[in-house]
Amino acid sequence: MNIALTAELQSRFAPLPKNIHIFFCIIATIVFLALYIRKHRIVDFLWLFVCDLPLILQFYADSTTAAVIGVCEVILLVAIFVFWLQDRKAAKNQAQDDSESKDDSGDADDLKDVEQAVKVERSKLAGNEADDNVISQAFDGFNP
């Protein structure tokens with residue numbers, strides 16, 4: 001009898017009974033607020049509204065309110081999708097930048113430093129001669 005009474009009092013636009021719906025909205029609010037506080041992403045705040053906005057239909061069950069909330073839900077979901085695309089693009093660009101900087105700064109910089117050190121050492125050994133080839137300079141005074 002209690003289930004039948006709950007089903008009769010339930011709004012036709014809200015699929016869950018009022019108490020269960022309020023409980024789920026409280027849980028969603030806690031979860032999405034915690035995510036927003038932790039990561040500071042606007043998407044988490046938008047998800048909070050997406051989950052809590054249909055609660056209004058438990059109290060105002062007319063078709064105009066349902067239509068307005070439906071339009072707001074669609075707008076919020078589109079905004080979430082746009083933010084998701086932007087985050088995905090930014091993450092992809094960041095990954096490319098990281099891989100490029102790793103390739104550029106890794107071996108290439110190390111080799112440039114080694115090459116510069118070799119040139120400095122060659123100039124110390126050879127003096128101010130124009131030829132930088134250490135091997136050819138090693139045999140300069142040798143006549144077989």
Side-chain angles (χ1 to χ4, degrees), residues 1-140:
M1 177 82 179
N2 191 11
I3 296 173
L5 182 62
T6 304
E8 288 177 19
L9 296 177
Q10 179 180 340
S11 168
R12 67 181 179 151
F13 297 112
L16 296 173
K18 190 181 294 185
N19 292 337
I20 295 173
H21 197 167
I22 290 172
F23 175 74
F24 282 135
C25 286
I26 290 171
I27 297 296
T29 301
I30 292 169
V31 167
F32 287 117
L33 276 177
L35 284 172
Y36 179 74
I37 291 169
R38 183 172 175 226
K39 296 184 179 182
H40 298 289
R41 295 183 313 182
I42 193 71
V43 174
D44 297 325
F45 206 65
L46 293 176
W47 275 115
L48 172 81
F49 284 119
V50 167
C51 290
D52 288 346
L53 199 59
L55 185 62
I56 295 171
L57 294 174
Q58 291 287 355
F59 304 105
Y60 302 101
D62 61 303
S63 59
T64 306
T65 305
V68 169
I69 289 179
V71 169
C72 290
E73 291 275 327
V74 168
I75 291 170
L76 286 171
L77 290 172
V78 167
I80 288 169
F81 182 70
V82 168
F83 279 115
W84 177 76
L85 286 176
Q86 289 175 351
D87 288 344
R88 185 174 170 198
K89 185 177 179 180
K92 186 177 179 181
N93 289 341
Q94 181 66 28
Q96 285 178 347
D97 290 345
D98 288 345
S99 67
E100 286 175 4
S101 66
K102 184 177 179 182
D103 290 343
D104 291 345
S105 66
D107 295 334
D109 285 343
D110 292 341
L111 291 178
K112 287 179 183 177
D113 292 341
V114 170
E115 186 178 321
Q116 184 66 26
V118 168
K119 284 182 181 179
V120 168
E121 291 299 318
R122 282 183 182 173
S123 66
K124 288 179 185 177
L125 290 174
N128 291 331
E129 293 181 23
D131 191 14
D132 283 341
N133 191 350
V134 173
I135 295 175
S136 65
Q137 292 174 2
F139 298 107
D140 278 350

Can you tell me how far apart [atom1] ([X]) and [atom2] ([Y]) are? Round to the nearest 0.5 Å.
X: Thr65; Y: Ile56; atom1: OG1; atom2: CD1; answer: 8.5 Å
X: Ile26; Y: His21; atom1: CD1; atom2: NE2; answer: 11.0 Å
X: Leu57; Y: Asp62; atom1: CG; atom2: CG; answer: 8.5 Å
X: Asn19; Y: Gln58; atom1: CG; atom2: CD; answer: 9.0 Å
X: Leu76; Y: Leu48; atom1: CG; atom2: CG; answer: 10.0 Å
X: Ile22; Y: Ile27; atom1: CD1; atom2: CD1; answer: 13.0 Å

Examine Tyr36 together with Phe32 and report whether their ring centres are nearer than 6.0 Å. no
What pair of heavy atoms forms the shortest contact from [X] to [Y], and how long is it?
X: Asp44; Y: Arg41; value: OD1-NH2, 3.1 Å
X: Val50; Y: Glu73; value: O-OE2, 3.0 Å
X: Leu53; Y: Cys72; value: CD2-CB, 3.6 Å
X: Cys25; Y: Cys51; value: SG-O, 3.7 Å

Between Asn93 and Gln96, does the side chain to side chain contact (heavy atoms under 4.5 Å, CB included) criterion hold? Intermediate values first, please. CA-CA 5 Å; Asn93 289 341; Gln96 285 178 347; 4.0 Å; yes
Before giving the answer on side chain to side chain contact (heavy atoms under 4.5 Å, CB included), spell out for Val43 and Trp84 the whole-Å C-alpha distance, their side-chain angles and the decisive distance to 0.1 Å. CA-CA 8 Å; Val43 174; Trp84 177 76; 6.0 Å; no
Give me the one residue out of Leu77, Val78, Leu85 that meets side chain to side chain contact (heavy atoms under 4.5 Å, CB included) with Phe81. Leu85
